[in-house]
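Residue indices begin at 1 and follow the sequence shown.
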Amino acid sequence: MTPPPPPRIRPAYDADERTQLVAWLEMQRAVVEWKCEGVSEKDAHRSVLPASPAMTVAGVVSHLRWVEHCWFEVMLMGGAAEGPQFDDGPEDADMLVDDVPLDQLLGEYARQYARSNEITAAHSLDQAGQHPDFRAGSANLRWILLHMIEETARHAGHLDAIRELLDGEKGYF
């Protein structure tokens, strides 16, 4: 089952650190989902950025799903380094999803960030990563949350530009 999308709500100015970190990440995830609303299947897989042909709406959603998996399940929890970014395949393999429907990718992304939320809720912000094979595996949960806010917001911006080029839709918040 796919969880409902998070709300596009900024955290309170005086919220504690954990609440702010989680809420900012949730808001960026919600912006990603919002940018995908109403995109046709054809447009979801259409490249509009000549220098970045893999950066499609579908490709960005897939990438964000795998980034969540990498940081929360692999680096923080020490899980197996599985997924397209760990394979010997082509660069940006996590974005190469021409044959995967956007709804499926959005469902996988939502389930992945729901899992990330469970992990976040169960650990201290000071919890250090557990993966011994990667230098980044020593990052603590606070660092991972900040990185995921940055990563998700950057790609939400990409989706905003892609959407405007695809069909003229734009807007941030």
Enquirer: Using the test ring pair (Phe, Tyr, Trp, His ring centres under 6.0 Å), find all partners of His155 that sit at least two apart in sequence or belong to another chain.
Expert: His63, His158
Enquirer: Begin from the C-alpha positions of Asn117 and Glu26 and carry the test side-chain contact (heavy atoms from CB on, under 4.5 Å) through to its verdict.
Expert: CA-CA 9 Å; Asn117 288 345; Glu26 283 287 282; 3.3 Å; yes
Enquirer: What distance do Ser138 atom OG and His131 atom NE2 have between them, rounded to the nearest 0.5 Å?
Expert: 12.5 Å
Enquirer: Who pairs with Arg154 by salt bridge (Lys or Arg N to Asp or Glu O under 4.0 Å), at least two apart in sequence or on another chain?
Expert: Glu150, Glu151
Enquirer: If Ile, Leu, Val, Met, Phe, Trp and Tyr residues are connected whenever their side-chain heavy atoms lie under 4.5 Å apart, and connections chain through other members, are Ile162 and Leu106 in the same group?
Expert: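 Yes; Leu106 is reachable from Ile162 via cluster members.
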Enquirer: For Leu146, give me all partners under side-chain contact (heavy atoms from CB on, under 4.5 Å), at least two apart in sequence or on another chain.
Expert: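 For Leu146 the side-chain contact (heavy atoms from CB on, under 4.5 Å) partners, ignoring immediate neighbours, are Leu21, Arg142.
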Enquirer: Would you list the atom pairs, donor with acceptor, under 3.5 Å between side chains in residues 74-87 and any protein atom, with sequence neighbours excluded?
Expert:
unit_1 : atom_1 : unit_2 : atom_2 : d
Gln85  : NE2    : Trp66  : O      : 3.0

Enquirer: Hey, quick one: are Ile144 and Leu125 part of the same hydrophobic cluster, counting side-chain heavy atoms closer than 4.5 Å, chains of contacts allowed?
Expert: yes
Enquirer: Please find the pair of heavy atoms, one from Val32 and one from Ala156, that lie closest to each other, and give the distance.
Expert: CG2-CB, 4.1 Å
Enquirer: Check the pair Leu64, Thr152 against side-chain contact (heavy atoms from CB on, under 4.5 Å), reporting the backbone distance first and the verdict last.
Expert: CA-CA 7 Å; Leu64 287 170; Thr152 308; 4.2 Å; yes
Enquirer: Minimum heavy-atom separation for Ser47 and Ser52, please, with both atom names.
Expert: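 Heavy atoms of Ser47 and Ser52 come nearest at OG-O, 4.1 Å.
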Enquirer: Holding to side-chain contact (heavy atoms from CB on, under 4.5 Å), I want the full list of residues that pass it with Arg46, two or more places apart in sequence or in another chain.
Expert: Asp43, Val48, Leu166
Enquirer: Test of understanding: with ring pair (Phe, Tyr, Trp, His ring centres under 6.0 Å), list the residues that count as partners of His147, not counting sequence neighbours.
Expert: Trp71, Trp143
Enquirer: Only counting residues at least two apart or in another chain, list the ones meeting side-chain contact (heavy atoms from CB on, under 4.5 Å) with Asp167.
Expert: Arg163, Glu169
Enquirer: Could you measure the distance from the NE2 atom of His69 to the OG atom of Ser116? Nearest 0.5 Å is fine.
Expert: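 Reported value, rounded in 0.5 Å steps: 9.5 Å.
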Enquirer: Within the distance-only criterion (no hydrogens, no angle test), does the side chain of Gln20 pair as donor or acceptor with the backbone N or O of Ala15 below 3.5 angstrom?
Expert: yes
Enquirer: Tell me every residue that passes salt bridge (Lys or Arg N to Asp or Glu O under 4.0 Å) with Glu118, counting only those two or more places apart in sequence or in another chain.
Expert: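 For Glu118, the residues satisfying salt bridge (Lys or Arg N to Asp or Glu O under 4.0 Å) (neighbours in sequence not counted) are Arg115.
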Enquirer: Looking only at heavy atoms, what is the nearest atom pair of Cys36 and Val57, with distance?
Expert: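 The pair with the smallest heavy-atom distance is SG-CG1, 3.7 Å.
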Enquirer: Are Leu159 and Val31 packed together at the side-chain level, in the sense that at least one heavy-atom pair is separated by less than 4.5 angstrom?
Expert: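 With C-beta onward as the side chain, the pair stays apart.
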Enquirer: Give the minimum heavy-atom separation between Pro53 and Pro50, together with the two atoms involved.
Expert: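 Of all heavy-atom pairs spanning Pro53 and Pro50, the closest is CD-O, 3.8 Å.
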Enquirer: I'd like to check the ring pair (Phe, Tyr, Trp, His ring centres under 6.0 Å) partners of Phe72; sequence neighbours left out, ordered by chain and number.
Expert: none
Enquirer: Assess whether side-chain contact (heavy atoms from CB on, under 4.5 Å) is satisfied between Met95 and Thr56, documenting all intermediate values.
Expert: CA-CA 8 Å; Met95 291 183 148; Thr56 63; over 6 Å; no
Enquirer: Per the salt bridge (Lys or Arg N to Asp or Glu O under 4.0 Å) rule, what does the pair list look like for residues 60-70, sequence neighbours excluded?
Expert: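 Non-adjacent pairs meeting salt bridge (Lys or Arg N to Asp or Glu O under 4.0 Å): Arg29-Glu68.
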Enquirer: Identify the two heavy atoms, one from Leu141 and one from Thr120, that lie closest to each other, and give their separation to 0.1 Å.
Expert: CD2-O, 3.8 Å
Enquirer: Check the surroundings of atom CD in Glu17: do more than 12 heavy atoms from other residues, nucleotides or ligands lie under 6.0 Å from it?
Expert: yes
Enquirer: Mind listing the closest non-hydrogen atom pair of Ile149 and Gln28 along with its distance?
Expert: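 Looking at all heavy atoms of both residues, the closest pair is O-CG, 4.3 Å.
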Enquirer: Among residues at least two apart in sequence or on other chains, which ones pass side-chain contact (heavy atoms from CB on, under 4.5 Å) with Leu105?
Expert: Ala58, Val61, Ser62, Val97, Val100, Glu108
Enquirer: Tell me which pairs pass ring pair (Phe, Tyr, Trp, His ring centres under 6.0 Å) where either residue lies in residues 37-58, with sequence neighbours left out.
Expert: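 Sorted result for residues 37-58: empty, none.
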